[in-house]
Amino acid sequence: MRLIIATVIAVLAINIVQAGTAENVNKSDEFVATHEWQVIREGQGIPKGLHVRINMQTGVKEAKLLDESERGTALQSQAGEDDKGDQKPLALEHQANIIEESVRKAKEQKRSYAELRKAYKDFQKNFRTDGEVIVQLLEQYRNFSKTPLASELKPKFNVLDNLEYMLHQIDNALVFIDSGGLEDVLLPIVVNDTNTDLKVSAMRVLGALTANNPKAQIKVFERNFGSHLAQILMTSTNSAEVSSALHALGAMLRKFPLAQERILSTIGTQAFISVLSNSQVELRNKAKVVTLISDLLLEKRSAFENNMDASEAIAQYALIELETWLSNQGYCAKMEAVLSKDYVQLLDQPETVEQFSVALESTEQMCRSLWSKSATLRHALLTLRNRYARSEDEYRLEVSQALTKVCANFFEQRSHSDL
Ligand SMILES: *[C@@H]1O[C@H](CO)[C@@H](O)[C@H](O)[C@H]1NC(C)=O
Ligand SMILES: *[C@@H]1O[C@H](CO)[C@@H](O)[C@H](O)[C@H]1NC(C)=O
Ligand SMILES: *[C@@H]1O[C@H](CO)[C@@H](O)[C@H](O)[C@H]1NC(C)=O
């Protein structure tokens, strides 16, 4: 019998107690998983591949590492795994696991057979499997009225919040998609909703269900989310909205050359440049854009380096001319302008500087002629380099070294060739 992990979830009543909003996320506050269930705090991010359960009555979420026995059968999302292509959607039938667990629990407590039966009955009544919970959450969402009601906002956030946690798992994401979740929940919010926080939550769910899940990436692409996300990037200046749109777009595009070609050759590159150009978008989000650009360029380069055979994927990567599209949209000049104008803000943001410095390196070939002649860019980079070089903090010193390398590359070689 094929055991599938049974994330058993109490559904005593779908009472919404806890409201998850988009604002209070603390990413630095990491969840450290063990083999015991631990409560996930409000807004706390969790790593991929954990076993998650949600108590629908109290809103409490818990996570733990998968046990060894579950590892072989639990279909986890793990970066870099390529053989997920033929995984089947999660079956909704997990009774065997539920019985096993309830018997085990009862035995631990040394109960009589009658008590054990009762315990099992209670257990069965109160717990649901992942697939069932997802279907139920969808039904709950469909029950909301078509016209936005303020009173329904909290329950909506709660549904999205729970989905975000559950849809990191590949099977759960596919159940959600097969049950119409993209069309009935996410698309209407992302496309038409006027509540920014709700859009942010929906895009987080989209990012969670798409990340490292090729089948989901295809479905999300087919539903035209790429254009909708790009549209949001071109019009929004809300920090959380830009950030979650970038995350969802990146999750859809990574390792999916066909989508990269279709989206980036048109509206996608335009959206990237628009974020870089918008003076109201904060530098952290601009750094996210250049990081995504850089990742996509490196992804194509490494596909060519590592994959010698003329596979279909290579043929698709060959059609992606991201550098040309970026150049045509003025990437080099925008990047120069952002750094020349805003570098002062970067004096105390080493992570952001690091992201920019990686991007400067991976796009240097296309921009070298412009950047190496730019006195303002040179001044900005050297100022940052010198500032971090004076630090005693190891990370800042590393950032300074990376900048030294970038500067040497652009500005010293020029004087060489000038000779
Ligand atoms: C995030 O959590 C860390 C550790 O608990 C804390 O030091 C930091 O101030 C928090 N940041 C925000 C923005 O809440
Ligand atoms: C949705 O509404 C129907 C009809 O009013 C009701 O029977 C059902 O229990 C509701 N489902 C959820 C999950 O709220
Ligand atoms: C968005 O709203 C328009 C106009 O009301 C409607 O025609 C369209 O179907 C909606 N799109 C989605 C995805 O709900």
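Computed from a predicted structure; not experimentally measured. Along the sequence shown, residues carry numbers from 1. Both counts, for ligands and for their atoms, begin at 1 and track the order of listing. Below, each value reflects all heavy atoms present in this structure, side chains not excepted, and no hydrogens, waters or symmetry copies.
- A donor-acceptor contact shorter than 3.5 Å is absent between the side chain of Ser179 and the backbone of Gly181.
- Ring geometry for Tyr331 versus Trp371: interplanar angle of 30 to 60°, hence tilted.
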Dump the pairs for me: ligand 3 N or O, protein N or O, distance under 3.5 Å, to 0.1 Å.
from     : atom 1 : to     : atom 2 : distance (Å)
ligand 3 : 2 (O)  : Asn192 : OD1    : 3.3
ligand 3 : 2 (O)  : Asn192 : ND2    : 2.2
ligand 3 : 11 (N) : Asn192 : ND2    : 2.9
ligand 3 : 14 (O) : Asn192 : ND2    : 3.4

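- Evaluation of the side-chain contact (heavy atoms from CB on, under 4.5 Å) rule for Thr34 yields Glu36, Gln38 as partners, not counting sequence neighbours.
- Considering all non-hydrogen atoms of both residues, Tyr388 and Leu397 come closest at O-CD2, 3.6 Å.
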Practice item. Applying side-chain contact (heavy atoms from CB on, under 4.5 Å), run through Phe225 and Val190 and close with a yes or a no. Key: CA-CA 8 Å; Phe225 275 101; Val190 170; 4.2 Å; yes

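- In summary, Glu361 and Arg368 do not engage in a salt bridge, as defined by a charged side-chain N under 4.0 Å from a carboxylate O.
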